[in-house]
Amino acid sequence: MTHNKPNAAPASQLKSRRGLTALLTDHPVEWQRAADPVPYEAALHQMETRAAAIAAGEAQEQVWLLEHPPLYTAGTSADPADLVDPDRFAVFKAGRGGQYTYHGPGQRVAYLMLDLRTRGRDVRCFVSGVEQVVIETLAELGVTGDRRTGRIGVWVDKPDGTEAKIAAIGIRIRRWVSFHGLSINVAPDLSHFSGIVPCGITEHGVTSLADLGVNATMADVDAALARNFIRLFGPIH
């Protein structure tokens, strides 16, 4: 998949971006991509270890791109009744904010180990910045994503007039260092979401780039994520 140039950001997105200037630093962030699916428990251990090292001044910030084997995770607000099919996949307590979500092949997960002590110490602004990276990444790929009042994540209007979630966001902050992060549905098996009530929302569905007719590869998504992360958060290496 190729793109001649990124789509121009709508005025509402530009306004949102201008309010996020505190997130931008000139310290390069390590940008790492896992070649193979990473088991969830191993990822959680690595995230927590890296975040602790960043807080102690012993490691630099990191964004870690990966996929997981099929699994469900429960955030700190998860309602057990929302786990519709508890025997379908392994279920992990994530320790992040939010409720139940699904992770699996075809979904780009980006874990963000970033030091908010140098990025404004404003959790709400940080989450908004993460949402903005996703929104502008989707715009490059020809999809209009947006925030919806009272709902976490990034949403789209489908051609049939329904609303659906295309990206989930769940963040945890410890000693002003973030971990966990975001996931974008590129081309996962959407039927796997039926084992849970995603994010506790029953009245709206879940979609993906592939479901919307966008033939983007994971490399396309990664490249767009990198460009938009640099614009809002600063350099990577």
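Residue numbers run from 1 in the order of the sequence given.
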Check: Any side-chain donor-acceptor pair under 3.5 Å between His204 and Arg151?
Finding: yes

Margin query: Check whether Asn185 reaches the backbone of Gln107 with its side chain - one donor and one acceptor, N or O, closer than 3.5 Å.
Written below: no

Next item on the list: Calculate, to the nearest 0.5 Å, the distance between atoms CD and CG belonging to Glu140 and Asn228 respectively.
Entry: 5.0 Å

Notebook entry, point to check: For Arg124, does its backbone N or O pair with a side-chain atom of Ser128 as donor and acceptor, under 3.5 Å?
Noted result: no

Checklist line | Arg96 side chain to Gln99 backbone, donor-acceptor under 3.5 Å | finding: yes

Note to self: Quick check: closest heavy atoms across Trp155 and Gly205, and the distance to 0.1 Å?
What the structure shows: CZ3-O, 4.2 Å

Next item on the list: Would you please say whether a donor-acceptor pair under 3.5 Å links the side chains of Arg231 and Gln132?
Entry: no

Note to self: Within the 4.5 Å heavy-atom criterion, are Leu114 and Val177 side-chain neighbours or not?
What the structure shows: no

Next item on the list: May I ask you to check whether Thr137 and Arg227 show a side-chain donor-acceptor distance below 3.5 Å?
Entry: no

Notebook entry, point to check: Are Arg50 and Glu58 within salt-bridge range, i.e. N to O under 4.0 Å?
Noted result: no

Checklist line | Ring center gap for His68 and Tyr111 short of 6.0 angstrom | finding: yes

Checklist line | Atom pair CG/CZ of Leu209 and Arg108 - distance to nearest 0.5 Å | finding: 12.0 Å

Check: CG/Asp146 to CG/Asp157 distance, rounded to the nearest 0.5 angstrom?
Finding: 8.5 Å

Check: Between the main-chain N or O of Gly106 and the side-chain N or O of Glu67, is there a donor-acceptor pair closer than 3.5 Å?
Finding: yes

Notebook entry, point to check: Checking Thr49 side chain against His45 main chain: does a donor-acceptor pair fall under 3.5 Å?
Noted result: yes

Next item on the list: Indicate the atoms forming the closest heavy-atom contact of Asn215 with Asp220, along with that distance.
Entry: O-OD2, 4.4 Å

Notebook entry, point to check: Can Tyr102 and Ile196 be said to form a side chain to side chain contact (heavy atoms under 4.5 Å, CB included), step by step?
Noted result: CA-CA 8 Å; Tyr102 164 78; Ile196 56 173; 4.3 Å; yes

Item checked: His180 side-chain N/O to Ala94 backbone N/O, donor-acceptor pair under 3.5 Å -> yes

Checklist line | Gap between atom CH2 of Trp64 and atom CD of Gln46 - 0.5 Å precision | finding: 3.5 Å

Next item on the list: Answer yes or no: is there an ion pair linking Arg117 with Asp115, defined by an N-O contact shorter than 4.0 Å?
Entry: yes

Next item on the list: For the pair Leu232 and Leu20, evaluate side chain to side chain contact (heavy atoms under 4.5 Å, CB included) and give the outcome as yes or no after the intermediate values.
Entry: CA-CA 7 Å; Leu232 275 81; Leu20 303 174; 3.7 Å; yes

Notebook entry, point to check: Taking side chain as C-beta onward, heavy atoms only, is Ile230 less than 4.5 Å from Ile236?
Noted result: yes

Next item on the list: Check whether any side-chain heavy atom of Leu190 sits under 4.5 Å from a side-chain heavy atom of Ser208, and report yes or no.
Entry: yes

Next item on the list: Check step by step if side chain to side chain donor-acceptor pair (under 3.5 Å) holds for Ser194 and Arg88.
Entry: CA-CA 10 Å; Ser194 65; Arg88 189 168 190 172; 2.7 Å; yes

Next item on the list: Evaluate the side chain to side chain contact (heavy atoms under 4.5 Å, CB included) criterion for residues Glu163 and Lys158: first the C-alpha distance (whole Å), next the side-chain angles of each, then the deciding distance (0.1 Å), finally the verdict.
Entry: CA-CA 6 Å; Glu163 299 177 59; Lys158 297 185 68 176; over 6 Å; no

Next item on the list: Heavy atoms only: give me the nearest Gly145-Ile135 pair and the separation to one decimal.
Entry: O-CG2, 3.5 Å

Check: Passes side chain to side chain contact (heavy atoms under 4.5 Å, CB included), Leu116 versus Ile173? Steps please.
Finding: CA-CA 9 Å; Leu116 273 63; Ile173 309 293; 4.0 Å; yes

Margin query: Could you measure the distance from the CZ atom of Arg119 to the OG1 atom of Thr21? Nearest 0.5 Å is fine.
Written below: 12.5 Å

Notebook entry, point to check: Can you name the ring pair (Phe, Tyr, Trp, His ring centres under 6.0 Å) partners of Phe229, sequence neighbours left out?
Noted result: Trp31, Phe233

Check: Is there a side-chain contact between Thr207 and Val156, using heavy atoms and a 4.5 Å cut-off?
Finding: yes

Check: Out of curiosity, does Leu24 fall in the hydrophobic cluster containing Val133 (side-chain heavy atoms, cut-off under 4.5 Å, transitive links)?
Finding: no

Margin query: Ignoring hydrogens, what is the shortest heavy-atom contact between Gly181 and Ile171? Give both atom names and the distance.
Written below: CA-CD1, 3.6 Å

Check: Does the side chain of Val130 come within less than 4.5 Å of Leu112's, by heavy atoms?
Finding: yes

Notebook entry, point to check: Does some side-chain heavy atom of Val63 sit less than 4.5 Å from a side-chain heavy atom of Gln32?
Noted result: no

Notebook entry, point to check: Does any non-hydrogen side-chain atom of Pro105 lie less than 4.5 Å from one of Pro70?
Noted result: yes

Item checked: Sole candidate of Asp211, Val134, Val206, Leu212 that passes side chain to side chain contact (heavy atoms under 4.5 Å, CB included) when paired with Ile166 -> Leu212

Item checked: Leu23 with Ile169, same ILVMFWY side-chain cluster at under 4.5 Å -> yes

Checklist line | Min side-chain heavy-atom separation Glu41-Phe92 under 4.5 Å | finding: yes

Notebook entry, point to check: Among side-chain atoms of Gln60 and His237, is any donor-acceptor pair under 3.5 angstrom?
Noted result: yes

Next item on the list: Supply the atom-to-atom distance Ile54 CD1 to Arg174 CZ, rounded to the nearest 0.5 angstrom.
Entry: 12.5 Å

Next item on the list: Group every Ile, Leu, Val, Met, Phe, Trp and Tyr by side-chain heavy-atom contacts under 4.5 Å, then state whether Val186 and Val38 land in the same group.
Entry: no

Checklist line | Single-linkage hydrophobic cluster Val29~Val127, side-chain heavy atoms < 4.5 angstrom | finding: yes

Check: Got a sec: does the CD1 of Ile152 have more than 12 other heavy atoms crowding it under 6.0 Å?
Finding: no

Note to self: Are Val221 and Leu66 linked, directly or through intermediate hydrophobic residues, by side-chain heavy-atom contacts shorter than 4.5 Å (ILVMFWY only)?
What the structure shows: no

Margin query: Give me the atom names and distance for the closest heavy-atom approach of Val109 to Ser183.
Written below: CG2-CB, 4.1 Å

Next item on the list: State which residue, out of Thr73, Asp79, Asp82, fulfils the side chain to side chain contact (heavy atoms under 4.5 Å, CB included) condition with Tyr100.
Entry: Asp82

Checklist line | Nearest heavy-atom neighbours spanning Phe179 and Ala51 | finding: CD2-CB, 4.0 Å

